[in-house]
Amino acid sequence: MLALTACGSTEPRDPLTDAAEGSLIIGVKYDQPGLGLRNPNKAMTGFDIDVARYIANYLGVQPDQITWKEAPSAQRETLIKNGEVDFIVGTYSINESRLKAVDFAGPYYTAGQSFLVRADDDRISDEHPLQDGMRLCSVSGSTSAVNAQKYFPGVQLQQFDSYSSCVEALARGKVDALTTDDIILAGYAAQYPGEFKVVGTPITTEEYGVGLAKGMDAARSKINDAIEQMIADGSWERALQGALGSSGFPLPDPPQVNRY
Ligand code: GLU
């Protein structure tokens, strides 16, 4: 019976309890260059990874005591509620409907929803938004897919499990555009130089929060403290610059940590 709870409990985790015991399980994206990327040698890189490591360190947990867990957009609330992660740092927008299921610390970054198209495609631009019938790709369980349906009901929306699958479909001409947050798109554009371009004035404001189980108020407050310190001591700017500075994407100023 010893192994009963070995893989995935069903009780939500308290990050402070786990940190006191010396380890954390952190949910992140594995396929978003510049944000959360699991490299072929398994090293984790990206701005979200740096934010996660900073928070862990603030809670007394060293990098080698972090267990990373992939947190696809549609599974984030479930991973948190089932106690499969302590918290998630994964381009996770704070919004009303998610706040019914989970809590958020932050925000630690403000993005906006935009479009990625092939570099030689001039049909979609800031002046010419999507045309009816175009094939648009986004990810299930994301705010991007919900907004795409709301703002562009005439387009054919295809929902995949990950943005990297959308990028592949875009490269092969299976879809005309990919829509999600500008910073995510900038990461892909930088990964494949000359292949894609980010277009369109952002249609939303996406405040990225650190998702954790409801009611873990002491942990949420400490994570807010960690984010504030990361911004104040310059680590936030260094991390963003290091992860996406060479992409050409204009890096924004840090947000006000509103302590949701
Ligand atoms: N920030 C948006 C969201 O949380 C899109 C990015 C993502 O799916 O991770 O849904």
Side-chain angles (χ1 to χ4, degrees), residues 28-40 45-48 70-74 90-93 95 109-208 240-252:
V28 292
K29 295 299 182 76
Y30 275 18
D31 67 334
Q32 296 179 193
L35 275 312
L37 186 68
R38 190 174 191 251
N39 293 274
T45 52
F47 177 65
D48 278 348
E70 187 171 20
S73 295
T91 60
Y92 198 6
S93 298
N95 70 17
Y109 185 83
T110 309
Q113 184 172 343
S114 204
F115 302 89
L116 189 74
V117 297
R118 289 180 295 276
D120 59 1
D121 189 343
D122 290 324
R123 289 173 302 165
I124 304 170
S125 65
D126 293 344
E127 301 77 40
H128 300 92
L130 297 181
Q131 293 145 29
D132 281 359
M134 275 187 166
R135 297 158 305 169
L136 183 63
C137 194
S138 198
V139 165
S140 345
S142 69
T143 56
S144 317
V146 172
N147 292 323
Q149 267 160 337
K150 186 164 128 196
Y151 294 117
F152 304 101
V155 307
Q156 296 177 45
L157 179 66
Q158 302 185 18
Q159 300 190 44
F160 291 176
D161 289 338
S162 69
Y163 296 105
S164 52
S165 332
C166 283
V167 172
E168 203 181 306
L170 182 62
R172 290 151 141 233
K174 306 265 185 224
V175 297
D176 299 303
L178 152 57
T179 187
T180 187
D181 305 332
D182 47 7
I183 188 173
I184 299 176
L185 301 177
Y188 288 120
Q191 193 187 29
Y192 305 102
E195 279 209 52
F196 306 111
K197 59 186 177 188
V198 183
V199 293
T201 310
I203 56 171
T204 63
T205 299
E206 307 291 325
E207 296 201 307
Y208 290 176
L240 192 59
Q241 188 68 42
L244 285 147
S246 59
S247 71
F249 179 69
L251 303 179

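What you see is a predicted model, and the numbers here were worked out from it, not measured in a lab.
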**Q** Is any side-chain heavy atom of Y208 less than 4.5 Å from a side-chain heavy atom of T110?
**A**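 Result no, sub-4.5 Å side-chain heavy-atom pair not found.
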**Q** So for atom CG, which belongs to D161, do other residues, nucleotides or ligands contribute more than 12 heavy atoms lying within a distance under 6.0 Å?
**A**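 For D161, atom CG is not crowded (no more than 12 foreign heavy atoms under 6.0 Å).
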**Q** Side-chain donor-acceptor pair under 3.5 Å between T180 and Q113, yes or no?
**A**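 Short answer, no.
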**Q** Not counting sequence neighbours, which residues clear ring-ring contact (aromatic ring centres under 6.0 Å, His included) with F115? List them please.
**A**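 Only F152 meet the ring-ring contact (aromatic ring centres under 6.0 Å, His included) criterion with F115.
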**Q** Please evaluate residues R135 and V155 with respect to the criterion side chain to side chain contact (heavy atoms under 4.5 Å, CB included), reporting the C-alpha separation (whole Å), side-chain torsions for both, the decisive distance (0.1 Å), and the verdict.
**A** CA-CA 6 Å; R135 297 158 305 169; V155 307; over 6 Å; no
**Q** What's the verdict on side chain to side chain contact (heavy atoms under 4.5 Å, CB included) for L251 and Q241, showing C-alpha distance, side-chain angles and the deciding distance?
**A** CA-CA 8 Å; L251 303 179; Q241 188 68 42; 3.4 Å; yes
**Q** Could you go step by step and tell me if Y163 and C137 meet the side chain to side chain contact (heavy atoms under 4.5 Å, CB included) rule?
**A** CA-CA 8 Å; Y163 296 105; C137 194; over 6 Å; no
**Q** If the condition is side chain to side chain contact (heavy atoms under 4.5 Å, CB included), which residues does V117 pass it with, not counting sequence neighbours?
**A**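 Listed in chain order: I124, A177, K197, V199.
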**Q** Tell me whether Q156 contacts the main-chain N or O of G133 through its side chain, where contact means a donor paired with an acceptor under 3.5 Å.
**A**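 Here the side-chain-to-backbone pair exists.
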**Q** Considering only NZ, NE, NH1 and NH2 on the basic side and carboxylate oxygens on the acidic side, decide whether D176 and R123 come within less than 4.0 Å.
**A**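 Counted as a salt bridge, because a side-chain N and a carboxylate O are separated by less than 4.0 Å.
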**Q** Just by distance, with hydrogens left out, do S114 and D181 show a side-chain donor and acceptor under 3.5 Å apart?
**A**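 Checked: S114/D181 side chains show no N/O donor-acceptor pair below 3.5 Å.
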**Q** Look at the side chain of T204 and the backbone N and O of E206, then say whether any donor-acceptor pair between them is shorter than 3.5 Å.
**A**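 No; judged by distance alone, with no hydrogens or angles, the pair does not exist.
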**Q** Side chains of K29 and S73: is there a donor and an acceptor less than 3.5 Å apart?
**A**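 Yes, S73 and K29 have a side-chain donor paired with an acceptor closer than 3.5 Å.
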**Q** Show, in sequence, the C-alpha distance, side-chain angles and deciding distance for I183 and F249, and conclude whether the side chain to side chain contact (heavy atoms under 4.5 Å, CB included) test is met.
**A** CA-CA 8 Å; I183 188 173; F249 179 69; 4.1 Å; yes
